[in-house]
Amino acid sequence: MFTDNPAHAEARSVVAPLFTAQSLARLRPFVEQTVDELLAPQREALDVVADLAVPLSSRVICRVIGLPQEVAPRLAVWAPDIAALLVADYLPEVVTRGHSALREVTTAVNQAFAGEVPEDSGLWLLREAQRRGEIAPEDVWATASLLIYAGFETTSTFIGKAVRAALHAGAWDAVREAEPRVSVDELLRFDTSVQQVARFATRPVVVAGKHIAPGDLVLVMLGVANRDPAVFEGPDLLDMDRRIGRHLTFGYGVHYCLGAALARLEAEVALERLAVRWSTMELSGAPTTRSHHGITVLEHLMVSRRTEGERI
Ligand code: HEM
(Lines give C-alpha, C1' and ligand atoms only; values in the text may rest on other atoms or scores of the structure.)
Protein backbone atom coordinates (compact mmCIF):
# COMPACT_ATOMS: atom_id res chain seq x y z
CA MET A 1 0.00 0.00 0.00
CA PHE A 2 2.89 2.37 0.70
CA THR A 3 5.16 1.58 -2.24
CA ASP A 4 5.09 2.71 -5.86
CA ASN A 5 5.54 0.64 -8.98
CA PRO A 6 7.39 -1.49 -9.94
CA ALA A 7 7.89 -2.79 -6.33
CA HIS A 8 4.19 -2.29 -5.62
CA ALA A 9 2.99 -4.32 -8.63
CA GLU A 10 5.40 -7.15 -7.76
CA ALA A 11 4.24 -7.32 -4.13
CA ARG A 12 0.58 -7.08 -5.14
CA SER A 13 0.89 -9.91 -7.66
CA VAL A 14 2.22 -12.28 -4.96
CA VAL A 15 -0.98 -12.13 -2.87
CA ALA A 16 -3.51 -11.27 -5.62
CA PRO A 17 -4.41 -14.98 -6.15
CA LEU A 18 -6.05 -14.92 -2.69
CA PHE A 19 -8.80 -12.66 -4.00
CA THR A 20 -9.74 -14.17 -7.37
CA ALA A 21 -13.37 -15.22 -7.97
CA GLN A 22 -12.28 -18.87 -7.69
CA SER A 23 -10.48 -18.38 -4.37
CA LEU A 24 -13.44 -16.51 -2.93
CA ALA A 25 -15.87 -19.20 -4.13
CA ARG A 26 -13.75 -21.72 -2.19
CA LEU A 27 -13.81 -19.45 0.85
CA ARG A 28 -17.59 -18.80 0.82
CA PRO A 29 -18.57 -21.96 2.80
CA PHE A 30 -16.15 -20.94 5.57
CA VAL A 31 -17.66 -17.44 5.71
CA GLU A 32 -21.21 -18.87 5.79
CA GLN A 33 -20.36 -21.42 8.45
CA THR A 34 -18.67 -18.76 10.60
CA VAL A 35 -21.65 -16.40 10.37
CA ASP A 36 -24.05 -19.26 11.19
CA GLU A 37 -21.95 -20.26 14.21
CA LEU A 38 -21.79 -16.69 15.48
CA LEU A 39 -25.53 -16.16 15.11
CA ALA A 40 -26.51 -19.59 16.50
CA PRO A 41 -26.72 -18.80 20.25
CA GLN A 42 -30.23 -17.83 21.36
CA ARG A 43 -30.06 -14.25 22.59
CA GLU A 44 -32.39 -11.50 23.67
CA ALA A 45 -30.07 -8.92 22.17
CA LEU A 46 -27.18 -9.04 19.72
CA ASP A 47 -24.10 -6.82 19.60
CA VAL A 48 -23.64 -6.65 15.81
CA VAL A 49 -20.03 -5.48 16.21
CA ALA A 50 -18.68 -7.59 19.09
CA ASP A 51 -20.79 -10.74 18.55
CA LEU A 52 -20.69 -10.83 14.75
CA ALA A 53 -18.59 -8.35 12.74
CA VAL A 54 -15.34 -8.48 14.75
CA PRO A 55 -15.11 -12.27 15.20
CA LEU A 56 -16.23 -12.82 11.59
CA SER A 57 -13.68 -10.60 9.90
CA SER A 58 -10.84 -11.64 12.23
CA ARG A 59 -11.49 -15.36 11.64
CA VAL A 60 -11.80 -14.83 7.90
CA ILE A 61 -8.56 -12.87 7.61
CA CYS A 62 -6.70 -15.52 9.67
CA ARG A 63 -8.05 -18.16 7.30
CA VAL A 64 -7.02 -16.14 4.23
CA ILE A 65 -3.51 -15.45 5.54
CA GLY A 66 -3.10 -18.98 6.91
CA LEU A 67 -2.74 -18.06 10.59
CA PRO A 68 -4.26 -20.44 13.16
CA GLN A 69 -7.73 -19.48 14.36
CA GLU A 70 -6.42 -19.06 17.95
CA VAL A 71 -4.72 -15.90 16.70
CA ALA A 72 -8.04 -14.32 15.59
CA PRO A 73 -8.97 -12.66 18.93
CA ARG A 74 -5.53 -10.93 19.00
CA LEU A 75 -6.33 -9.09 15.77
CA ALA A 76 -8.69 -6.73 17.58
CA VAL A 77 -5.66 -5.58 19.64
CA TRP A 78 -3.08 -5.52 16.86
CA ALA A 79 -5.05 -3.84 14.07
CA PRO A 80 -5.83 -0.53 15.86
CA ASP A 81 -2.27 -0.33 17.21
CA ILE A 82 -0.83 -0.78 13.72
CA ALA A 83 -3.36 1.69 12.28
CA ALA A 84 -2.43 4.30 14.92
CA LEU A 85 1.22 3.98 13.91
CA LEU A 86 0.25 5.17 10.43
CA VAL A 87 -1.46 8.35 11.57
CA ALA A 88 0.15 9.34 14.88
CA ASP A 89 3.74 8.05 14.94
CA TYR A 90 4.84 11.31 16.58
CA LEU A 91 3.39 10.06 19.90
CA PRO A 92 5.82 7.84 21.85
CA GLU A 93 3.06 5.61 23.31
CA VAL A 94 1.66 5.00 19.82
CA VAL A 95 5.12 3.94 18.61
CA THR A 96 5.58 1.59 21.60
CA ARG A 97 2.19 -0.07 21.12
CA GLY A 98 2.46 -0.18 17.32
CA HIS A 99 5.89 -1.81 17.39
CA SER A 100 4.78 -4.28 20.00
CA ALA A 101 1.80 -5.24 17.76
CA LEU A 102 4.14 -5.65 14.77
CA ARG A 103 6.46 -7.85 16.87
CA GLU A 104 3.51 -10.04 17.83
CA VAL A 105 2.44 -10.33 14.17
CA THR A 106 6.01 -11.33 13.27
CA THR A 107 6.05 -13.97 16.02
CA ALA A 108 2.67 -15.37 14.89
CA VAL A 109 3.85 -15.48 11.27
CA ASN A 110 7.13 -17.17 12.22
CA GLN A 111 5.30 -19.77 14.32
CA ALA A 112 2.87 -20.46 11.47
CA PHE A 113 5.81 -20.76 9.04
CA ALA A 114 7.49 -23.30 11.30
CA GLY A 115 4.47 -25.64 10.98
CA GLU A 116 2.26 -26.76 8.09
CA VAL A 117 1.20 -23.72 6.12
CA PRO A 118 -2.19 -24.34 4.46
CA GLU A 119 -1.82 -24.59 0.68
CA ASP A 120 -3.02 -21.53 -1.25
CA SER A 121 -3.10 -19.39 1.92
CA GLY A 122 -1.34 -16.01 2.02
CA LEU A 123 1.62 -17.43 3.94
CA TRP A 124 1.92 -20.27 1.44
CA LEU A 125 2.06 -17.80 -1.47
CA LEU A 126 4.56 -15.65 0.40
CA ARG A 127 6.74 -18.65 1.26
CA GLU A 128 6.75 -19.75 -2.38
CA ALA A 129 7.69 -16.22 -3.48
CA GLN A 130 10.48 -16.14 -0.88
CA ARG A 131 11.73 -19.54 -2.07
CA ARG A 132 11.86 -18.21 -5.65
CA GLY A 133 13.91 -15.28 -4.33
CA GLU A 134 11.22 -12.76 -5.29
CA ILE A 135 10.73 -11.31 -1.81
CA ALA A 136 12.80 -10.82 1.33
CA PRO A 137 11.80 -12.22 4.76
CA GLU A 138 10.77 -8.76 5.98
CA ASP A 139 8.34 -8.52 3.03
CA VAL A 140 6.60 -11.62 4.37
CA TRP A 141 5.92 -9.98 7.75
CA ALA A 142 5.12 -6.64 6.16
CA THR A 143 2.58 -8.21 3.79
CA ALA A 144 0.98 -10.32 6.52
CA SER A 145 0.61 -7.27 8.77
CA LEU A 146 -0.73 -5.20 5.86
CA LEU A 147 -3.39 -7.82 5.19
CA ILE A 148 -4.36 -7.77 8.89
CA TYR A 149 -4.40 -3.98 9.00
CA ALA A 150 -6.19 -3.57 5.65
CA GLY A 151 -8.59 -6.47 5.86
CA PHE A 152 -9.82 -6.71 9.43
CA GLU A 153 -11.03 -3.48 11.00
CA THR A 154 -12.11 -1.99 7.66
CA THR A 155 -14.53 -4.86 7.15
CA SER A 156 -15.77 -5.33 10.72
CA THR A 157 -16.41 -1.59 11.02
CA PHE A 158 -18.21 -1.57 7.68
CA ILE A 159 -20.56 -4.41 8.68
CA GLY A 160 -21.41 -2.54 11.90
CA LYS A 161 -21.92 0.75 10.07
CA ALA A 162 -24.06 -0.94 7.41
CA VAL A 163 -26.47 -2.31 10.01
CA ARG A 164 -26.48 0.97 11.92
CA ALA A 165 -27.27 2.94 8.74
CA ALA A 166 -30.03 0.54 7.67
CA LEU A 167 -31.73 0.62 11.08
CA HIS A 168 -31.21 4.32 11.66
CA ALA A 169 -32.68 5.21 8.26
CA GLY A 170 -35.62 2.84 8.77
CA ALA A 171 -34.39 0.93 5.73
CA TRP A 172 -33.86 -2.54 7.23
CA ASP A 173 -36.88 -4.02 5.43
CA ALA A 174 -35.66 -2.54 2.13
CA VAL A 175 -32.17 -3.99 2.77
CA ARG A 176 -33.66 -7.41 3.54
CA GLU A 177 -35.72 -7.39 0.37
CA ALA A 178 -32.99 -6.12 -1.97
CA GLU A 179 -30.48 -8.39 -3.68
CA PRO A 180 -27.51 -8.60 -1.23
CA ARG A 181 -25.06 -7.39 -3.87
CA VAL A 182 -27.18 -4.28 -4.47
CA SER A 183 -27.82 -3.44 -0.81
CA VAL A 184 -24.15 -3.94 0.13
CA ASP A 185 -23.05 -1.64 -2.69
CA GLU A 186 -25.39 1.14 -1.58
CA LEU A 187 -24.34 0.68 2.07
CA LEU A 188 -20.68 0.84 1.01
CA ARG A 189 -21.38 4.13 -0.74
CA PHE A 190 -23.45 5.52 2.10
CA ASP A 191 -20.98 5.16 4.98
CA THR A 192 -17.54 3.78 4.29
CA SER A 193 -15.10 2.69 6.97
CA VAL A 194 -12.14 4.25 5.12
CA GLN A 195 -12.99 7.93 4.85
CA GLN A 196 -9.73 9.16 3.37
CA VAL A 197 -6.56 8.16 1.56
CA ALA A 198 -3.37 10.18 1.23
CA ARG A 199 -1.28 10.94 -1.84
CA PHE A 200 1.72 13.10 -2.76
CA ALA A 201 1.10 15.10 -5.93
CA THR A 202 3.57 14.21 -8.68
CA ARG A 203 2.71 17.18 -10.93
CA PRO A 204 1.02 20.55 -10.56
CA VAL A 205 -2.75 20.39 -10.66
CA VAL A 206 -5.66 22.75 -9.94
CA VAL A 207 -8.67 21.29 -8.11
CA ALA A 208 -11.69 23.51 -7.42
CA GLY A 209 -9.50 26.61 -7.78
CA LYS A 210 -6.80 25.34 -5.40
CA HIS A 211 -3.27 24.99 -6.72
CA ILE A 212 -1.56 21.78 -5.70
CA ALA A 213 2.20 21.67 -6.25
CA PRO A 214 4.37 18.60 -6.88
CA GLY A 215 5.25 17.04 -3.52
CA ASP A 216 2.17 18.42 -1.74
CA LEU A 217 0.39 15.96 0.54
CA VAL A 218 -3.25 15.63 -0.45
CA LEU A 219 -5.96 13.94 1.60
CA VAL A 220 -8.60 12.52 -0.70
CA MET A 221 -11.92 12.34 1.14
CA LEU A 222 -13.60 9.21 -0.20
CA GLY A 223 -16.67 9.50 2.03
CA VAL A 224 -17.32 13.02 0.72
CA ALA A 225 -16.94 11.91 -2.91
CA ASN A 226 -19.50 9.19 -2.23
CA ARG A 227 -22.04 11.87 -1.27
CA ASP A 228 -21.33 14.13 -4.25
CA PRO A 229 -24.72 15.42 -5.47
CA ALA A 230 -23.27 15.87 -8.96
CA VAL A 231 -22.82 12.10 -9.14
CA PHE A 232 -25.52 10.67 -6.85
CA GLU A 233 -29.05 11.96 -6.79
CA GLY A 234 -30.23 12.59 -3.21
CA PRO A 235 -26.83 11.39 -1.92
CA ASP A 236 -27.81 11.53 1.76
CA LEU A 237 -30.62 9.02 1.22
CA LEU A 238 -30.05 5.32 1.62
CA ASP A 239 -31.75 4.07 -1.51
CA MET A 240 -31.77 0.36 -2.38
CA ASP A 241 -33.20 1.13 -5.84
CA ARG A 242 -30.29 3.37 -6.72
CA ARG A 243 -28.33 2.24 -9.74
CA ILE A 244 -24.89 3.12 -8.49
CA GLY A 245 -22.44 4.62 -10.93
CA ARG A 246 -19.14 4.25 -9.21
CA HIS A 247 -18.44 4.95 -5.58
CA LEU A 248 -14.91 5.42 -4.25
CA THR A 249 -15.17 3.28 -1.13
CA PHE A 250 -12.41 0.95 -2.31
CA GLY A 251 -10.21 3.72 -3.71
CA TYR A 252 -9.13 4.21 -7.29
CA GLY A 253 -6.24 3.32 -9.58
CA VAL A 254 -3.30 0.98 -8.98
CA HIS A 255 -3.89 0.78 -5.21
CA TYR A 256 -7.58 -0.12 -5.63
CA CYS A 257 -8.54 -2.31 -2.67
CA LEU A 258 -7.24 -5.82 -3.27
CA GLY A 259 -9.77 -7.28 -0.82
CA ALA A 260 -12.88 -5.49 -2.17
CA ALA A 261 -14.57 -8.71 -3.29
CA LEU A 262 -13.75 -10.38 0.03
CA ALA A 263 -15.23 -7.47 2.00
CA ARG A 264 -18.38 -7.65 -0.16
CA LEU A 265 -18.62 -11.41 0.40
CA GLU A 266 -18.41 -11.07 4.20
CA ALA A 267 -20.94 -8.24 4.29
CA GLU A 268 -23.36 -10.00 1.94
CA VAL A 269 -23.34 -13.23 3.95
CA ALA A 270 -23.66 -11.34 7.26
CA LEU A 271 -26.64 -9.29 6.01
CA GLU A 272 -28.30 -12.31 4.34
CA ARG A 273 -28.14 -14.32 7.57
CA LEU A 274 -29.19 -11.37 9.77
CA ALA A 275 -32.16 -10.84 7.44
CA VAL A 276 -33.34 -14.36 8.28
CA ARG A 277 -32.44 -14.70 11.97
CA TRP A 278 -32.91 -11.09 13.06
CA SER A 279 -35.54 -10.06 10.52
CA THR A 280 -37.36 -7.75 12.93
CA MET A 281 -34.36 -6.20 14.62
CA GLU A 282 -34.22 -2.64 15.86
CA LEU A 283 -31.57 -0.58 17.63
CA SER A 284 -31.61 -1.01 21.38
CA GLY A 285 -29.61 1.84 22.82
CA ALA A 286 -27.18 4.26 21.24
CA PRO A 287 -24.19 2.78 19.37
CA THR A 288 -20.90 3.04 21.29
CA THR A 289 -18.05 4.66 19.42
CA ARG A 290 -14.43 5.31 20.35
CA SER A 291 -12.25 8.02 18.93
CA HIS A 292 -8.92 6.58 17.84
CA HIS A 293 -6.42 9.13 16.52
CA GLY A 294 -8.89 10.86 14.23
CA ILE A 295 -10.83 7.73 13.28
CA THR A 296 -14.19 6.98 14.88
CA VAL A 297 -14.37 3.28 15.65
CA LEU A 298 -17.77 1.67 16.17
CA GLU A 299 -17.34 -0.57 19.22
CA HIS A 300 -20.82 -1.78 20.07
CA LEU A 301 -24.14 -1.82 18.26
CA MET A 302 -26.89 -3.49 20.28
CA VAL A 303 -30.01 -4.69 18.51
CA SER A 304 -33.04 -6.56 19.81
CA ARG A 305 -36.10 -8.11 18.22
CA ARG A 306 -39.11 -5.90 17.72
CA THR A 307 -42.14 -7.42 19.39
CA GLU A 308 -45.47 -7.75 17.52
CA GLY A 309 -47.35 -4.49 17.11
CA GLU A 310 -44.43 -2.43 18.31
CA ARG A 311 -43.38 -1.24 14.89
CA ILE A 312 -42.65 2.46 14.74
C1 HEM B 1 -15.27 -2.58 3.65
C2 HEM B 1 -14.03 -2.98 3.79
C3 HEM B 1 -12.86 -2.33 3.11
C4 HEM B 1 -12.69 -1.03 2.72
C5 HEM B 1 -13.67 0.13 2.87
C6 HEM B 1 -11.38 -0.93 2.10
C7 HEM B 1 -10.86 0.22 1.53
C8 HEM B 1 -9.64 0.30 0.89
C9 HEM B 1 -9.13 1.48 0.23
C10 HEM B 1 -9.85 2.82 0.15
C11 HEM B 1 -7.91 1.17 -0.28
C12 HEM B 1 -7.01 2.09 -1.12
C13 HEM B 1 -5.94 2.74 -0.27
C14 HEM B 1 -5.17 3.77 -1.05
O15 HEM B 1 -5.47 4.02 -2.22
O16 HEM B 1 -4.26 4.36 -0.47
C17 HEM B 1 -7.63 -0.20 0.07
C18 HEM B 1 -6.46 -0.88 -0.24
C19 HEM B 1 -6.20 -2.17 0.13
N20 HEM B 1 -7.07 -3.06 0.74
FE21 HEM B 1 -8.96 -2.66 1.32
N22 HEM B 1 -10.78 -2.17 2.14
C23 HEM B 1 -11.64 -3.05 2.73
C24 HEM B 1 -11.43 -4.41 2.95
C25 HEM B 1 -10.29 -5.09 2.63
C26 HEM B 1 -10.08 -6.51 2.83
C27 HEM B 1 -11.10 -7.50 3.38
C28 HEM B 1 -8.82 -6.77 2.44
C29 HEM B 1 -8.16 -8.13 2.43
C30 HEM B 1 -7.29 -8.55 3.18
C31 HEM B 1 -8.21 -5.53 1.97
C32 HEM B 1 -6.94 -5.41 1.48
C33 HEM B 1 -6.43 -4.25 0.91
C34 HEM B 1 -5.07 -4.16 0.39
C35 HEM B 1 -4.02 -5.26 0.40
C36 HEM B 1 -4.93 -2.85 -0.09
C37 HEM B 1 -3.69 -2.23 -0.74
C38 HEM B 1 -3.77 -2.41 -2.23
C39 HEM B 1 -2.60 -1.80 -2.96
O40 HEM B 1 -1.93 -0.92 -2.43
O41 HEM B 1 -2.37 -2.23 -4.10
N42 HEM B 1 -9.14 -4.54 2.10
N43 HEM B 1 -8.72 -0.72 0.77
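This structure is a prediction, so every number in the text was calculated from the model and none was measured. Counting from 1, the numbers follow the sequence of the chain as shown. These values consider heavy atoms only, across backbone and side chains, with no hydrogens, waters or symmetry-generated copies. Order of listing sets the numbers, starting from 1, for every ligand and every atom in it.
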[X] vs [Y] side-chain heavy atoms within contact, under 4.5 Å:
X: Phe232; Y: Arg189; answer: yes
X: Arg277; Y: Leu274; answer: no
X: Asp185; Y: Arg264; answer: yes

For Gln69, what residues pass the side-chain contact (heavy atoms from CB on, under 4.5 Å) criterion, not counting sequence neighbours?
Phe30, Arg59, Cys62, Arg63, Ala72

So is [X] touching ligand 1 or not, going by heavy atoms under 4.0 Å?
X: Arg199; answer: yes
X: Phe19; answer: yes
X: Val60; answer: no
X: His8; answer: yes

Heavy-atom distances under 4.0 Å are what count here, so tell me which part of Met1 touches ligand 1: side chain, backbone, both or neither.
both

With heavy atoms only and a cut-off of under 4.0 Å, state how Leu248 meets ligand 1: side chain, backbone, both or neither.
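For Leu248, there is no contact with ligand 1 at all, from either part.
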
At a 4.0 Å threshold, what atoms of ligand 1 neighbour a non-hydrogen atom of [X]?
X: Phe158; value: 1 (C)
X: Thr249; value: 5 (C), 7 (C), 10 (C)
X: Val254; value: 41 (O)
X: Ile61; value: 30 (C)
X: Thr155; value: 2 (C), 24 (C), 27 (C)
X: Leu222; value: 10 (C)

Hydrophobic cluster membership, Val254 vs Leu146, 4.5 Å side-chain cutoff:
no

May I ask you to check whether His255 has an N/O atom sitting below 3.5 Å from an N/O atom of ligand 1?
yes

Could you say whether the N/O atoms of Ser193 and ligand 1 ever approach to under 3.5 Å?
no

Note the single closest protein heavy atom to atom 13 (C) of ligand 1, along with its residue, its atom name and the distance in Å.
Val197 CG1, 3.6 Å

Pairwise distance CZ(Arg12) to CE(Met1) - rounded to 0.5 angstrom:
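The CZ atom of Arg12 sits 9.5 Å away from the CE atom of Met1.
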
Stepwise, does the salt bridge (Lys or Arg N to Asp or Glu O under 4.0 Å) test hold for Arg181 with Glu268?
CA-CA 7 Å; Arg181 193 183 48 79; Glu268 283 175 25; over 6 Å; no

Has Arg227 got more than 12 heavy atoms of other residues, nucleotides or ligands less than 6.0 Å from its CZ?
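Yes, the 6.0 Å shell around CZ holds more than 12 heavy atoms from other groups.
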
Test side chain to side chain donor-acceptor pair (under 3.5 Å) applied to Asn226 and His247, step by step
CA-CA 6 Å; Asn226 285 352; His247 59 65; 4.8 Å; no

Among all residues two or more places apart in sequence or in another chain, which pass the ring pair (Phe, Tyr, Trp, His ring centres under 6.0 Å) test with His8?
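Ring pair (Phe, Tyr, Trp, His ring centres under 6.0 Å) check on His8 returns His255.
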
Could you walk me through whether Val71 and Gln111 pass the side chain to side chain contact (heavy atoms under 4.5 Å, CB included) test, one step at a time?
CA-CA 11 Å; Val71 171; Gln111 280 169 356; over 6 Å; no

Mark yes or no: Arg127 above the aromatic ring of Phe113, with NZ or CZ under 6.0 Å from the six-membered ring centre and no more than 45 degrees from the axis.
yes

Show every donor-acceptor pair shorter than 3.5 Å between a side-chain atom in residues 137-144 and any protein atom, with sequence neighbours excluded, or say none if there are none.
unit_1	atom_1	unit_2	atom_2	d
Asp139	OD2	Ala136	N	3.2
Trp141	NE1	Asn110	OD1	3.0
Thr143	OG1	Asp139	O	2.6

Please list, in chain and residue-number order, the protein N/O/S atoms closer than 2.8 Å to atom 21 (Fe) of ligand 1.
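Atoms qualifying: Cys257 SG.
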
